[in-house]
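For ligands, and for the atoms within them, numbers begin at 1 and follow the listed sequence.
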Amino acid sequence: MITFLSGGTGTPKLIRGMRRHLPDHEISVVVNTAEDVWMSGGFVSPDIDTLIYLFSGLLNTSSWWGQEGDTFITHHELQRLDGGEYIAIGDRDRAVHLLRGEYLKRGMTLTAATAQLCTSLGVRAQILPMADTPVETVVSCSGREIHFQEYWVRHRGALPIEGVRRRWAAPPVATPAVVSAIGAAEAVIIGPSNPITSILPILECRGVPEALEEVPVVAVSPFIGHAPVSGPAAALMRARGLSPDSAATRDLYAGFLDHFIQDSSDPVEVSGAIRMDTLMNHPGVDEALAERILSLVRGG
Ligand code: GDP
């Protein structure tokens with residue numbers, strides 16, 4: 001089994017390639033939940049949704065969120081009535097959020113609710129929320145703290161950010177399922193996800209760093225030069241006092257990392273890094289990258 005640590009864009013692209021080489025039941029994904037938010041009565045877990053939709057064949061792979069061909073009738077009506085729903089939630093996507101919210105209100109854990117949704121949608125991979133207690137990434141903008149979703153979706157990442165931190169009632173603990181998915185893995189792959197908002201929340205769950213020390217770990221950089229391939233990772237790295245590049249990313253994972261992969265065209269030198277073509281915007285690149293990583297961990 002291969003276990004991924006994932007956010008909702010970069011790593012899912014690599015997982016799409018890995019599905020060409022491994023059956024879904026040999027793939028586990030530990031997923032960031034620090035971007036989750038209640039919205040219009042439903043519980044949105046954006047990174048989990050992307051993975052559930054990827055594995056069930058429903059994902060809109062142009063945007064890497066939501067379901068392909070979804071309609072937005074309810075969203076437009078909510079906008080007209082009240083204007084408060086700042087995330088464009090599709091109608092079928094919303095059904096998943098409403099059901100997840102119902103499961104949580106009935107006392108199910110997020111892990112159990114996710115497993116139930118996976119069963120309903122025929123997902124054979126193991127999709128595991130990093131923790132079962134709420135964690136939120138919040139950013140400070142002009143002295144005010146706002147949820148990451150508000151920063152990125154409502155304000156389109158246009159506000160200058162001074163800081164980023166996690167907010168919780170109790171420090172998150174990795175679920176038993178997460179610890180065993182890491183412990184049982186042939187290798188763990190930290191895909192090219194945003195280090196600050198997607199990967200660090202997982203690494204901050206008690207039990208995760210210790211589990212990673214016991215297995216081979218490969219990480220893929222989301223940066224080429226001093227910019228991410230997409231999204232707000234550069235501003236977030238800077239808000240943490242870090243340089244937005246592969247070298248700083250490698251340092252964040254250094255405690256348990258066996259191999260670090262950066263793009264062949266990345267001008268930033270990271271000693272010991274392995275160069276591969278990681279830009280998965282063309283057909284076949286994801287599949288080829290996944291194959292090379294598999295052969296690396298299998299000693300090929
Ligand atoms: P989010 O949850 O939507 O923020 O998604 P992730 O954290 O999983 O992924 C966002 C990161 O993916 C960004 O920092 C991008 O730089 C990175 N990314 C997206 N596409 C690619 C790609 O094709 N190659 C690489 N190397 N990184 C990518």
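- Set against the non-hydrogen atoms of Ala233, the atoms of ligand 1 under 4.0 Å away are 14 (O).
- The closest protein non-hydrogen atom to atom 3 (O) of ligand 1 is Thr9 OG1, 2.7 Å.
- Looking at Ile196 and Leu242, their side chains come closer than 4.5 Å, going by heavy atoms from C-beta outward.
- Among all protein heavy atoms, the one lying closest to atom 9 (O) of ligand 1 is Gly10 N, 3.0 Å.
- Looking at Arg144 and Glu150, no side-chain N of the basic residue comes within less than 4.0 Å of a carboxylate O on the acidic one, giving no salt bridge.
- The shortest distance between side-chain heavy atoms of Glu136 and Glu145 does not fall below 4.5 Å.
- Electrostatic pairing of Glu269 and Arg275 counts as a salt bridge here, judged by a charged N lying under 4.0 Å from a carboxylate O.
- A tilted orientation is assigned to the rings of Tyr151 and Phe148, their planes being inclined by 30° to 60°.
- Using a 4.0 Å cut-off between heavy atoms, Ser221 contacts ligand 1 through its backbone alone, with no side-chain atom that close.
- Nearest protein neighbour of atom 2 (O) of ligand 1, counting heavy atoms only, is Gly8 N, 2.8 Å.
- Summary of contacts: the protein heavy atom closest to atom 8 (O) of ligand 1 is Ser193 OG, 2.5 Å.
- The shortest side-chain heavy-atom distance between Asp24 and Val123 does not fall under the 4.5 Å cut-off.
- Ligand 1 has a nitrogen or oxygen under 3.5 angstrom from a nitrogen or oxygen of Asn194.
- Contact annotation: the side chain of Asn32 never approaches that of Ile199 to less than 4.5 Å [non-hydrogen atoms, C-beta and beyond].
- Using a 4.5 Å heavy-atom cutoff, the side chains of Asp47 and Ser6 are not in contact.
- The shortest side-chain heavy-atom distance between Asp70 and Asn60 does not fall under the 4.5 Å cut-off.
- Of the protein's non-hydrogen atoms, Ser230 O, 3.1 Å is the one closest to atom 13 (C) of ligand 1.
- The shortest N or O to N or O distance between Val229 and ligand 1 is below 3.5 Å.
- Among the atoms of Ser198, some N or O lies under 3.5 angstrom from an N or O of ligand 1.
- With sequence neighbours excluded, the residues forming a side-chain contact (heavy atoms from CB on, under 4.5 Å) with Ala88 are Trp65, Phe72, His75, listed by chain and number.
- Listed by atom number, the atoms of ligand 1 under 4.0 Å from Pro228 heavy atoms are 14 (O), 16 (O).
- Considering both main-chain and side-chain atoms, Phe223 never comes within under 3.5 Å of ligand 1 through any nitrogen or oxygen pair.
- The closest protein non-hydrogen atom to atom 20 (N) of ligand 1 is Lys13 NZ, 2.8 Å.
- For ligand 1, none of its N or O atoms has an N or O atom of Val220 under 3.5 Å away.
- Residue contacts with ligand 1, taken as heavy atom pairs separated by less than 4.0 Å, involve Asp47 solely via side-chain atoms from C-beta onward.
- Of the protein's non-hydrogen atoms, the one nearest atom 23 (O) of ligand 1 is Met280 N, 2.8 Å.
- Taking 4.5 Å as the limit, every side-chain heavy atom of Thr197 sits out of range of all side-chain heavy atoms of Val139.
- Across Gly191, Pro192, Ala34, Gly231, heavy-atom proximity to atom 11 (C) of ligand 1 is greatest for Pro192.
- At least one heavy atom of Leu279 sits under 4.0 Å from some atom of ligand 1.
- Atom 22 (C) of ligand 1 has its closest protein heavy atom at Thr278 O, 3.6 Å.
- Within the 4.5 Å cutoff, no side-chain heavy atoms of His155 are placed close to those of Cys141.
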